Amino acid sequence: MAEVEIDKTRALEEKFDPEMRFRPVWHPAALVVTALLIVLSSFHYYTAGFGLLREATHRGTHMAFVLSLIFLVFPLRKAMLEHPPKPGLFAPGGVPLYDWLCALLIAVAALYIPYVFDDLAFRVGNPNTADVVLGTLLVVLLIEATRRSMGWPLPIIAIVFMVYALGGTWFPGLLKHSGASWPALVNHLYLTSQGIYGIAIGVVATYVFHFVLFGVLATAIGLGQLFIDIASSIAGRYAGGPAKVSVFASARFGMLSGSSVANAVTVGSLTIPAMVRLGYPRHFAGGVEAASSTGGQITPPIMGAAAFLMIEFLNLPYSTIIVAAIVPAFMHFFGVFMQVHFEAKNKGLRGLTKEELPDLPKTLAANWPTLIPLFLLVGIIVNGNTPYLAAFTGISSCILVGLFTSRRGTTMAQYAVLLATHAVLVGIFTRAFGDHGAWVFVAMVIAVPFVHRALGRESRIGSAAILAAFELGAKYALAVGAAAATVGIVIGVVTLTGVGFKMSYIVTSAAQSIAAGVASFMPAGWTNMQSLTLVAALVMTGVVCILMGCGIPTTANYIIMATVAAPTLAMLGVQPIVAHCFVFYYGVLADITPPVALAAYAAAGMAGSDPFKTGNTAFRLGLGKVLVPFVFVFAPSLLIMVQGFSWQEFVLAFAGCILGITVLAAALSNYMVTRMRMWERLLCVVASVLMIAPELVSTLVGVGLMAPVLLSQFAAGRRRAPEA
């Protein structure tokens, strides 16, 4: 297959992802924005390797950069993207003076806490006038920055929560509380670590930023292209080749990118045109890529931002989260793959020819060094080091591989320098240089460009590409940084008013009522009230996750649901890691759930298909992600890293999911051995649900229901064989 064109995919990403639509700017604004973006990435890169700053200082510095940049790159109105103001005295570089002022004010308000407010212990609970004024300024400008970067839904949610905090006496029944004054609310949101400066912005500033930057650099040096070539070689030759390549490539590329849209436009730029040429309907080609791309947020080792939030919410090592994600991620891609396979068989689509496939030995020989950063990163995490130190090492390794290897063949001198610089890098992260590690790093940064120039050989990327990657990595952080800070308002109100426990009680009571209603229609002895209550609570939670995800990004969705919904599931006996994985997986579904399905819209734009139809197809292809979370709630061993892990439960749940997803894929594709009749499809749907249910009797009943379908299909297949 062809190679990914980085500039083209970035243009597509900016077109389809509203969080990447920056207004055009000119000198001096362009110079200021570029410099701030690179400095922001450099700040996080350096602190990841040599120690984070004091908590409030690190978070405040990150927030000051991110929120200031939002006012410089996102206009007041969307119309100003197409018709920007002319550069002049009142709009230097095309940025109006009021945006420069807002950028300055929000930076001052964000930096006030870490750099000026040194008597926090004496002022929390008793803010003075300056505290209230600057806190109010930060809250107002933060909501505006979030509105500019991702639209109205999340700001409206934050405003509703603040109204609830201020007007507690207005609400009826269980939701009623004593209410808070504005100074008291600002005190809690601004001066404590339970609001804007809380866990959400801390995770973005500490973990997410670094792994996003690693993904950008790994893609720049060619690791993403290598994954696509490997996927093409493995799956491309079989029926419906490009669609299967899309599944495999998106799974591998998802290891680098936690963004569904970035995954869709990068892999889809190659696979979607190939699928259309082969004969797949355009909406199906877009749906395959969209469904596959959403798996990037749940695919280890990088995953999406929400995975790093789990570290803080659950107080678990990142390696635990990675292992827990393996089986559900596999099930998602397996479900998409099986539907693609049956669809290809149904339409009689061929695979790629030998001429269309990449030469895998040649590709590996030229590009194997790009795997070094990924293996190094995973190894450091598994070894028990902090994720941000692993990211620092991975980023550094990407830079070294990019500078000292070539796509056209690497010399022995380049390999020698690569080995030597990696030895120094390993010495830095293992603290072999003691307190002098930072000076060794600075010396290496100074020396590397001279060594690179002295070798006089074309490299994968140059210094300009590295700076461009640092700039792009910081761009990815802007919208998610604003979302994390705004979600801090929601968390602050929840902790201030205790509304989370009240919501848990309301949901639990509603689930019990629904369960009792369902049980009344079932024969005595057939019901388990505890299980019915849990199913009702899971359905309500899943629906809310999907609805919330239609308006806000996955990260913000996960934080809100983890704060409000996860405790509800815990009250019903669900283990914390299981509850958090459930709300995380359902939040990710929003990227392929119409009417707001960003990954599906991006894929539809490249396929030239109807976005809504593409979104519906993507949701159908991603049904494995809909069903599997219910399985691991009732069979936690599927996540492996849970209390009471049982191999028997794991094998039963795993085998049931494999069988059920395969049968469901056949029913949805209207094909198994041959085309299916309506009674066969209906029986398959019922059988698939029974197989997926993690219980031996139901699985055996499902297998029994499949017997007449299999007999009918094989008989029809034998009748068709002579005709074929």
Side-chain angles (χ1 to χ4, degrees), residues 2-14 20 22 30-31 33-46 48 209-229 253 256-257 259 262-263 265-267 269-270 302 363 366-374 376-377 391-411 414-415 417-418 421-422 425 441 444-477:
E3 289 192 3
V4 173
E5 298 180 25
I6 299 297
D7 293 338
K8 180 181 178 181
T9 58
R10 288 179 184 172
L12 288 170
E13 192 174 353
E14 291 176 5
M20 294 293 291
F22 293 173
L31 181 62
V33 169
T34 300
L36 288 176
L37 289 168
I38 294 173
V39 169
L40 176 60
S41 289
S42 301
F43 165 76
H44 284 290
Y45 171 50
Y46 183 83
F209 191 102
H210 309 85
F211 280 83
V212 168
L213 184 57
F214 169 78
V216 171
L217 276 163
T219 303
I221 66 173
L223 182 55
Q225 181 66 51
L226 176 61
F227 283 156
I228 293 173
D229 289 342
F253 193 82
L256 307 180
S257 170
S259 167
N263 201 343
V265 300
T266 303
V267 179
S269 63
L270 302 181
I302 306 301
T363 298
N367 297 312
W368 70 265
T370 61
L371 292 167
I372 295 174
L374 183 61
L376 194 59
L377 179 143
F392 166 79
T393 311
I395 292 167
S396 303
S397 179
C398 285
I399 294 172
L400 296 175
V401 168
L403 290 175
F404 296 119
T405 65
S406 172
R407 289 182 170 87
R408 298 183 179 180
T410 304
T411 65
Q414 287 176 308
Y415 277 131
V417 173
L418 185 66
T421 51
H422 271 78
L425 184 60
F441 172 74
M444 187 168 72
V445 169
I446 295 172
V448 159
F450 293 101
V451 176
H452 174 242
R453 190 176 297 111
L455 290 174
R457 179 83 179 215
E458 181 185 354
S459 57
R460 294 177 186 275
I461 56 175
S463 301
I466 294 171
L467 291 177
F470 270 54
E471 180 182 356
L472 181 63
K475 284 182 178 180
Y476 282 123

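Everything numeric here is computed off the predicted structure, so don't read it as measured data. As a basis for the values below, the full set of heavy atoms in this structure was taken, side chains included, without hydrogen atoms, waters or symmetry mates.
- Of all heavy-atom pairs spanning Ala366 and Arg407, the tightest one is CB-O, 3.9 Å.
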Exercise for the section: For side-chain contact (heavy atoms from CB on, under 4.5 Å), just list the numbers for His44 and Leu213, CA-CA rounded to whole Å, side-chain angles, deciding distance to a tenth of an Å, and then say yes or no. Expected result: CA-CA 10 Å; His44 284 290; Leu213 184 57; over 6 Å; no
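- In this structure, Tyr45 and Phe392 approach most closely via the heavy-atom pair O-CD1, 3.2 Å.
- Heavy-atom minimum distance, Leu217 versus Ala469: CD2-CB, 3.6 Å.
- With values rounded to the nearest 0.5 angstrom, Ile466 atom CD1 is found 14.0 Å from Glu471 atom CD.
- His452 and Ser459 get closest at one heavy-atom pair: NE2-OG, 3.1 Å.
- Rounding to the nearest 0.5 Å gives a distance of 7.5 Å between CG of Asn367 and CG of Asp229.
- For the side-chain contact (heavy atoms from CB on, under 4.5 Å) test, residues two or more places apart in sequence or in another chain that qualify with Ala474 are Leu37, Leu40, Ser41, Phe209.
- Exactly one of Ser396, Ser397, Cys398 qualifies for a side-chain contact (heavy atoms from CB on, under 4.5 Å) with Leu376. That residue is Ser397.
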Exercise for the section: Begin with the C-alpha distance, continue with both residues' side-chain angles, and end with the deciding distance and a verdict on side-chain contact (heavy atoms from CB on, under 4.5 Å) for Thr370 and Gln225. Expected result: CA-CA 10 Å; Thr370 61; Gln225 181 66 51; over 6 Å; no
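- Looking at heavy atoms from C-beta onward, Leu455 lies in side-chain contact with Val417 at the 4.5 angstrom threshold.
- In this pair, Phe441 and Tyr46 present their aromatic rings tilted. The plane angle is within the 30 to 60° band.
- Scored by the side-chain contact (heavy atoms from CB on, under 4.5 Å) test, Leu371 finds Leu223, Leu226, Phe227, Phe375 as partners (sequence neighbours excluded).
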Only distances under 3.5 Å count here; give the side-chain donor-acceptor pairs of residues 399-406 to other protein atoms, sequence neighbours excluded, each with its distance to 0.1 Å.
residue, atom, partner, partner atom, Å
Thr405, OG1, Val401, O, 2.5
Thr405, OG1, Arg460, NE, 2.6
Ser406, OG, Arg408, N, 3.1
Ser406, OG, Glu458, O, 3.2

